[in-house]
Amino acid sequence: MHPQDERQLKLTRALQEADLDTVLAVLGPEMRWPLKQLRSNLRLVFAAAERDHVSLLHPPADFVTWLQGPLHETVKGPGTAKANTVVARLSTISRLYELLMDEGVVLRHPLRGVVRPPGERKVEKVPPREDIERLLVHARSDPALFAALTLMYRHTFQVAEMLALRWSAFRPEDGTVLRRRTLCQLDDDSYAALNRLLAQAGGPLSSPAGRIFPFENNDALRTRIFQVCREANLTFVNPAKLRKAGLRDFPLTPDQAGFIGDEAYALARELASRLSDEDTPAAP
């Protein structure tokens with residue numbers, strides 16, 4: 001027997017018997033996903049086909065309707081699969097039938113034209129205020145880190161613009177900092193944190209060209225934050241999420257938050273508000 005004919009016969013028998021192992025042994029390498037993921041996505045479909053006596057080789061007219069059962073099932077029971085799980089399963093079974101058509105095992109694609117459900121939007125978790133305050137308490141012994149965290153949290157400084165700051169951009173007499181886009185009036189906590197660093201650097205007589213922060217790059221800052229988070233028994237606080245938390249927690253002006261326009265700032269505030277609402281448990 002020709003190898004191609006033997007391969008086709010093997011797949012035909014596997015579909016007739018709902019034998020997932022054989023199907024994956026033959027077509028798994030061509031299905032784009034890791035074998036473990038393929039098995040997870042197809043296991044319940046093949047099991048349901050065997051249980052309900054539904055032919056995967058000759059899908060019946062109501063195949064798409066029947067398929068909704070195993071697509072939405074989990075070990076918790078019918079209808080418990082999340083939207084992204086359903087989409088992944090549907091994509092996998094669709095790819096399987098594409099390959100089966102290429103092999104000449106089936107004559108039609110039973111899922112052609114089926115509209116995939118929208119995936120679920122991932123909810124981005126922003127650290128709660130009490131976690132950030134705890135992080136700041138533990139960072140206080142490191143004045144540079146404390147000041148960096150304070151500026152990111154209270155004035156949504158981006159890491160790149162903060163690490164580029166030089167003492168010439170800070171005016172201790174009126175508490176302003178020249179940012180990348182705006183002249184920012186610091187709040188009392190941020191002003192105090194920078195003044196503390198300035199005193200360590202030699203006070204007003206320090207070199208104007210000197211960098212305010214000692215961190216060489218983004219990774220160096222993130223590593224230091226990670227170390228202090230571990231000391232504080234906290235999950236790592238990502239700088240980007242710290243900025244979002246600042247938009248959530250403080251009523252800043254666009255200039256104070258580093259935005260050159262009211263519209264962009266309002267959009268950022270709206271996003272931060274949504275994140276805050278999603279992180280808050282619903283009232284009983």
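Because only heavy atoms are used, hydrogens play no part in the values below, and waters and symmetry mates are left out as well, while side chains stay in.
To the nearest 0.5 angstrom, Met101 atom CE is 7.5 Å from Leu107 atom CG. Rounding to the nearest 0.5 Å gives a distance of 13.5 Å between CG of Leu15 and NZ of Lys10. Here NE2 of His138 is found 8.5 Å from CG of Asn233. Values are rounded to the nearest 0.5 Å. The structure places OG1 of Thr92 at 6.0 Å from CE of Met31, a figure rounded to the nearest 0.5 Å. Summarising the geometry, atom CZ belonging to Arg243 is positioned 12.0 Å from atom CG belonging to Leu151; distances are rounded to the nearest 0.5 Å. With rounding to the nearest 0.5 angstrom, the CG atom of Asp174 is 9.0 Å from the CG atom of Leu186.
With hydrogens and angles left out, the side-chain atoms of Arg224 and Gln227 include a donor and acceptor closer than 3.5 Å.
Cluster membership for Val114 and Leu42, using ILVMFWY side-chain heavy atoms within less than 4.5 angstrom, is shared. Each of Tyr191 and Leu178 belongs to its own hydrophobic cluster when Ile, Leu, Val, Met, Phe, Trp and Tyr are linked at side-chain heavy-atom distances under 4.5 angstrom. Hydrophobic clustering keeps Leu44 apart from Val86 (ILVMFWY residues linked when any side-chain heavy atoms are closer than 4.5 Å, directly or through intermediates). In the hydrophobic clustering of this structure, Leu149 does not group with Val137; members are Ile, Leu, Val, Met, Phe, Trp, Tyr whose side-chain heavy atoms approach within less than 4.5 Å, directly or through other members. Cluster membership check: Leu9 does not share its hydrophobic cluster with Val105, using side-chain heavy-atom separations under 4.5 Å among Ile, Leu, Val, Met, Phe, Trp and Tyr.
Other residues, nucleotides and ligands contribute only 12 or fewer heavy atoms inside 6.0 Å of the CZ atom of Arg13. Counted within 6.0 Å of CD on Glu173, heavy atoms from surrounding residues, nucleotides or ligands total more than 12; the atom is thus considered enclosed. Phe236 CZ: more than 12 foreign heavy atoms inside a 6.0 Å radius. Enclosure of atom CZ in Arg166 by more than 12 non-hydrogen atoms of other residues, nucleotides or ligands within 6.0 angstrom is indicated.
Side-chain atoms of His109 come within 3.5 Å of backbone N or O of Ser94 as a donor-acceptor pair. Side chain of Thr80 to main chain of Gly77: a donor-acceptor pair is present (N/O by atom type, distance under 3.5 Å, no hydrogens or angles). A donor-acceptor pair under 3.5 Å links the side-chain atoms of Gln68 to the main chain of Val64, judged by distance alone. Checking side-chain atoms of Arg89 against main-chain N and O of Pro70 turns up a donor-acceptor pair under 3.5 Å. At distances below 3.5 Å, at least one donor-acceptor pair connects side-chain atoms of Thr156 with backbone N or O atoms of Ala257. A donor-acceptor pair under 3.5 Å links the side-chain atoms of Ser91 to the main chain of Val87, judged by distance alone. With His155 contributing its side chain and Gln256 its backbone, the two residues share a donor-acceptor pair below 3.5 Å.
In this structure, Leu221 and Leu145 have side chains that are in contact, with non-hydrogen atoms separated by less than 4.5 Å. Between Arg222 and Asn238, some side-chain heavy-atom pair lies under the 4.5 Å cut-off. Between Leu24 and Leu35, some side-chain heavy-atom pair lies under the 4.5 Å cut-off. Side-chain atoms of Glu103 and Leu27, non-hydrogen and from C-beta on, do get closer than 4.5 Å to each other. Asn195 has its side chain within reach of Phe170: a pair of non-hydrogen atoms, C-beta onward, lies under 4.5 Å apart. Proximity of Leu56 to Phe63: side-chain heavy atoms (C-beta onward) are separated by under 4.5 Å at one or more points. At least one side-chain heavy atom of Met152 sits less than 4.5 Å from a side-chain heavy atom of Val159.
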Report task. Go through Arg140 and Arg196 one step at a time and tell me if the side-chain contact (heavy atoms from CB on, under 4.5 Å) criterion holds. Result -> CA-CA 11 Å; Arg140 190 171 287 276; Arg196 184 184 177 197; 3.9 Å; yes

Query - side-chain contact (heavy atoms from CB on, under 4.5 Å) assessment of Lys82 paired with Thr74 - result: CA-CA 9 Å; Lys82 294 182 178 180; Thr74 71; over 6 Å; no

Report task. Assess whether side-chain contact (heavy atoms from CB on, under 4.5 Å) is satisfied between Phe146 and Leu197, documenting all intermediate values. Result -> CA-CA 10 Å; Phe146 179 79; Leu197 270 189; over 6 Å; no

Query - CA sep, side-chain torsions, deciding dist, call: Arg181, Gln158, side-chain contact (heavy atoms from CB on, under 4.5 Å) - result: CA-CA 11 Å; Arg181 299 183 180 89; Gln158 296 180 356; 4.1 Å; yes

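Phe157 is linked by a ring-ring contact (aromatic ring centres under 6.0 Å, His included) to nothing, counting only residues two or more places apart in sequence or in another chain.
Heavy-atom minimum distance, Leu194 versus Trp167: O-CH2, 3.7 Å. The minimum heavy-atom distance between Leu38 and Gly28, with the atom names listed, is CD1-O, 3.8 Å. In terms of heavy-atom proximity, Leu67 sits nearest to Leu90 at CD2-CD1, 4.2 Å. Minimum interatomic distance between Ala139 and Val228 (heavy atoms only, all atoms of both residues): N-CG1, 4.0 Å. Minimum interatomic distance between Arg108 and Pro59 (heavy atoms only, all atoms of both residues): NH2-O, 2.9 Å. Minimum heavy-atom separation, Pro127 to Arg248: O-NH2, 2.9 Å.
Taking a cutoff of 4.0 Å between a charged side-chain nitrogen and a carboxylate oxygen, Glu133 and Arg129 qualify as a salt bridge.
Classification of the Tyr153-Phe250 ring pair by plane angle, with boundaries at 30° and 60°, yields perpendicular.
Under the side-chain hydrogen bond (donor to acceptor under 3.5 Å, both in side chains) test applied with Asn41, the options Arg43, Gln37, Arg39 reduce to a single match, Gln37.
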